[in-house]
Novice: 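Below is one structure. I have some questions about it.
Just so we're on the same page: letters track the sequence lines, and every chain starts at 1. Because the structure is a prediction, the values reported are computed rather than measured.
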There are 2 protein chains.
Amino acid sequence: MKLDTVTKTETLDLQKMIISKIRDLINIKNLEPGDKLPSERMLSEKFEVTRSNVREAIQKLEFYGLLKSIPQSGTFVANIGVTAMNGMIEDILRLEEPDFKSLVETRILLELKTARLAALRRTEQDLLKMKEALDAYTEKVLNGEDAVQEDLLFHLAIAKACGNSTMNTFMLIITPEIITNFEKYHVCDENQAQKGIQEHTEIYEAIKTQNPQLAKQKMKEHFKMLYQYCYNI
Amino acid sequence: MKLDTVTKTETLDLQKMIISKIRDLINIKNLEPGDKLPSERMLSEKFEVTRSNVREAIQKLEFYGLLKSIPQSGTFVANIGVTAMNGMIEDILRLEEPDFKSLVETRILLELKTARLAALRRTEQDLLKMKEALDAYTEKVLNGEDAVQEDLLFHLAIAKACGNSTMNTFMLIITPEIITNFEKYHVCDENQAQKGIQEHTEIYEAIKTQNPQLAKQKMKEHFKMLYQYCYNI
DNA sequence: CATACAAATCTGGTTAACCAATTACAGAAT
DNA sequence: ATTCTGTAATTGGTTAACCAGATTTGTATG
């Protein structure tokens with residue numbers, strides 16, 4: 001287990017090393033948007049790493065929109081200038097693992113917005129999905145069973161109904177980590193689950209009646225205890 | 001170009017097919033959190049695709065925290081129940097490419113918050129970085145040059161200063177696409193750049209004097225035209 | 001000298017062989 | 001019967017060979 005962590009850290013450091021060397025190369029060669037980088041093979045030789053390592057680093061920079069690989073042709077600097085490139089790579093290199101507080105803070109921000117937008121934009125089909133998730137949640141809680149998953153699915157149904165695919169994606173990204181931490185720290189207890197039924201229902205009704213302010217307000221109340229918990233760690 | 005798009009779509013469809021088959025398998029076999037999936041080789045044979053295809057699908061599900069691969073051991077269902085797993089996979093399969101409006105809407109949401117948080121939490125070093133970015137931006141604009149990159153770097157400096165790594169990551173993710181679209185649609189013109197200097201300075205001062213409400217307010221004003229533009233497409 | 005064209009080279013992507021660590025299991029020792 | 005142990009099979013990860021298409025280069029032709 002310890003070993004696993006070590007090797008993982010090592011490969012991460014290696015990738016960061018390669019990314020920073022690619023950045024240096026772009027600066028030294030004064031490459032501009034659209035210019036071609038040396039081939040993966042050349043880079044791997046120059047940096048004395050395997051081609052796989054180079055590919056992974058390139059793919060990461062591609063994920064952040066800084067490079068663009070074209071099959072059978074080459075890897076190119078994206079349509080972003082050198083200045084922005086340098087700034088963003090610096091940020092990417094220094095990015096740290098998200099802590100629980102960051103996750104919760106971001107979740108609350110996103111969900112107050114998705115609730116509001118869902119009230120404005122939800123379709124009848126969205127409403128149906130939300131109702132299903134709400135019923136599943138209610139049933140579980142009334143049976144005294146753990147309902148963390150159903151809770152989450154209700155919130156994801158709202159994210160889906162908000163009509164903003166970016167926010168929907170972000171909710172999907174943070175959700176698993178939220179669940180894991182919830183279970184680790186036992187955030188929710190029994191009374192809260194009972195209380196959650198009413199709160200969920202109120203949120204659902206606000207979205208159904210297309211009342212954005214009320215939806216946001218009810219979501220805020222729903223997050224009240226979570227908010228306090230988050231700031232008392 | 002057309003061909004490229006077609007093949008990319010095909011591989012995406014293939015991946016979605018594999019992901020849904022993995023989901024079906026988990027349901028049929030009643031796999032629970034911690035249970036082991038069949039090996040990659042077996043899956044590739046069962047689904048009649050290459051092992052690489054299976055690996056990519058698994059890695060995507062790993063990115064969303066639904067699976068966990070352990071070297072020389074196997075791939076395991078993450079600590080999330082079947083219900084949540086099914087719901088999330090359905091969402092992942094239906095995720096669509098983000099449109100410009102979604103991006104801008106999300107950016108505004110994030111930046112109103114990062115400005116506020118930065119005013120509360122910025123360190124002296126954060127302040128220094130922001131000042132550098134602000135000066136670089138000002139100089140470019142006064143020289144009549146394009147300053148989209150410097151503009152962006154100032155905003156990223158705020159995101160960094162907000163002390164929330166999740167929001168910082170999200171800002172980095174949407175930034176390149178925002179830039180690309182800005183340049184495509186020519187969102188910013190000359191006067192706006194001039195006006196931008198004052199607005200940036202006001203945001204900076206609000207964060208410097210640790211006035212969260214003012215910081216948010218100034219950021220809101222800064223996004224005023226962007227907001228209108230976004231809703232007039 | 002310019003241009004057309006074909007062969008050779010170079011490209012990112014893919015595949016199959018390989019690796020080291022883990023796991024499963026048979027059989028021996030207690 | 002139980003525990004230990006050594007071997008063989010299995011695992012995800014890695015590497016090197018291979019692929020098809022793009023690009024360059026060299027040559028012949030007008």
Side-chain angles (χ1 to χ4, degrees), chain A residues 1-15 17-19 21-22 25-26 29 31 34-78, chain B residues 1-19 21-22 25-26 29 31 33-78:
Chain A
M1 196 56 184
K2 184 71 178 298
L3 189 71
D4 186 2
T5 312
V6 170
T7 55
K8 198 157 196 175
T9 308
E10 277 173 5
T11 58
L12 259 178
D13 286 346
L14 181 65
Q15 186 176 97
M17 185 266 280
I18 296 173
I19 288 178
K21 285 195 176 182
I22 290 177
L25 195 74
I26 291 175
K29 289 200 168 188
L31 297 185
D35 286 351
K36 187 157 88 171
L37 257 65
S39 71
E40 295 176 350
R41 297 178 205 344
M42 285 188 61
L43 290 178
S44 70
E45 198 177 342
K46 193 182 183 75
F47 299 158
E48 291 179 330
V49 294
T50 67
R51 197 182 147 204
S52 316
N53 295 139
V54 173
R55 277 181 67 79
E56 281 168 27
I58 288 177
Q59 275 164 15
K60 180 149 193 176
L61 293 176
E62 218 176 338
F63 173 77
Y64 284 104
L66 300 180
L67 296 180
K68 175 72 185 164
S69 280
I70 296 178
Q72 287 89 35
S73 179
T75 302
F76 300 84
V77 177
Chain B
M1 192 60 183
K2 183 72 178 298
L3 190 70
D4 187 2
T5 311
V6 169
T7 56
K8 199 155 196 176
T9 307
E10 277 175 4
T11 58
L12 259 179
D13 286 348
L14 181 66
Q15 187 177 93
K16 291 194 173 187
M17 185 266 280
I18 297 173
I19 288 178
K21 284 195 175 180
I22 290 177
L25 195 74
I26 291 175
K29 289 199 169 189
L31 297 186
D35 286 351
K36 187 158 87 172
L37 256 66
S39 70
E40 295 175 350
R41 293 171 233 273
M42 285 187 61
L43 290 179
S44 70
E45 196 176 343
K46 195 181 183 75
F47 300 158
E48 291 177 329
V49 295
T50 67
R51 198 183 143 202
S52 317
N53 296 137
V54 173
R55 277 181 68 77
E56 281 168 26
I58 288 177
Q59 275 164 14
K60 181 149 193 178
L61 293 177
E62 219 176 338
F63 173 78
Y64 284 104
L66 300 180
L67 296 179
K68 174 73 185 165
S69 280
I70 296 179
Q72 285 86 39
S73 179
T75 303
F76 300 83
V77 177

Novice: Measure CD/B/Gln72 against P/C/dA24 and give the value in whole Å, please.
Specialist: 14 Å
Novice: Which heavy-atom pair separates A/Lys36 from A/Leu31 by the least distance, and what is that distance?
Specialist: O-CD1, 4.0 Å
Novice: Using a cut-off of 6.0 Å, state whether more than 12 heavy atoms not belonging to A/Glu45 lie near its atom CD.
Specialist: no
Novice: May I have the distance from A/Arg41 (atom CZ) to C/dG12 (atom P), rounded to whole angstrom?
Specialist: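 In whole Å, C/dG12 P lies 7 Å from A/Arg41 CZ.
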Novice: Counting only heavy atoms and a strict 4.0 angstrom limit, can you tell me which residues of residues 45-61 of chain B come near DNA chain D?
Specialist: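 Heavy-atom cutoff 4.0 Å gives B/Arg51, B/Arg55.
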Novice: Closest nucleotide of DNA chain D for A/Phe76 versus for B/Thr75: which of these residues is on the 5' side?
Specialist: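 The residue mapped nearer the 5' terminus is B/Thr75.
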Novice: Between A/Ser44 and A/Thr50, is a side-chain hydrogen bond (donor to acceptor under 3.5 Å, both in side chains) present by the stated rule, with each step listed?
Specialist: CA-CA 5 Å; A/Ser44 70; A/Thr50 67; over 6 Å; no
Novice: How long is the span from the OG1 atom in A/Thr75 to the CZ atom in A/Arg55, to the nearest 0.5 Å?
Specialist: 8.5 Å
Novice: Could you pull out the closest heavy-atom pair between B/Ala57 and B/Ile19, with the gap in Å?
Specialist: CB-CG1, 3.9 Å
Novice: What is the separation between atom CE on A/Met42 and atom P on C/dT11, rounded to the nearest whole Å?
Specialist: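 Checked: the CE to P distance equals 7 Å.
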Novice: For A/Ala78 versus A/Gly65, what's the shortest heavy-atom pair and its separation?
Specialist: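 Here A/Ala78 and A/Gly65 meet closest at CB-O, 3.2 Å.
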Novice: Kindly say if A/Ser39 contacts the phosphate of C/dC10, meaning a side-chain N or O under 4.0 Å from OP1 or OP2.
Specialist: no
Novice: Quickly work out the A/Glu40 CD to D/dA16 P distance and round it to whole Å.
Specialist: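 Taking CD of A/Glu40 and P of D/dA16, I get 15 Å after rounding.
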Novice: Rounded to whole angstroms, how far apart are CG on B/Leu67 and P on D/dG13?
Specialist: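 In whole Å, D/dG13 P and B/Leu67 CG are 12 Å from each other.
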Novice: Is the shortest side-chain heavy-atom distance between B/Leu37 and B/Ile26 below 4.5 Å?
Specialist: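 They are in side-chain contact.
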Novice: Do B/Asp35 and B/Lys29 touch side chain to side chain, with heavy atoms closer than 4.5 Å?
Specialist: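 No; the side chains remain at least 4.5 Å from each other.
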Novice: Please report the closest heavy-atom contact between A/Val54 and A/Ile18, naming both atoms and the distance.
Specialist: N-CD1, 4.2 Å
Novice: Is any side-chain N or O of A/Ser73 closer than 4.0 Å to OP1 or OP2 of D/dT23?
Specialist: yes
Novice: Dot-bracket for DNA chain C: what is it, with Watson-Crick or G-U pairs under 3.5 Å, [ ] where a pair crosses earlier ones, and | for a pair to another strand?
Specialist: ||||||||||||||||||||||||||||||
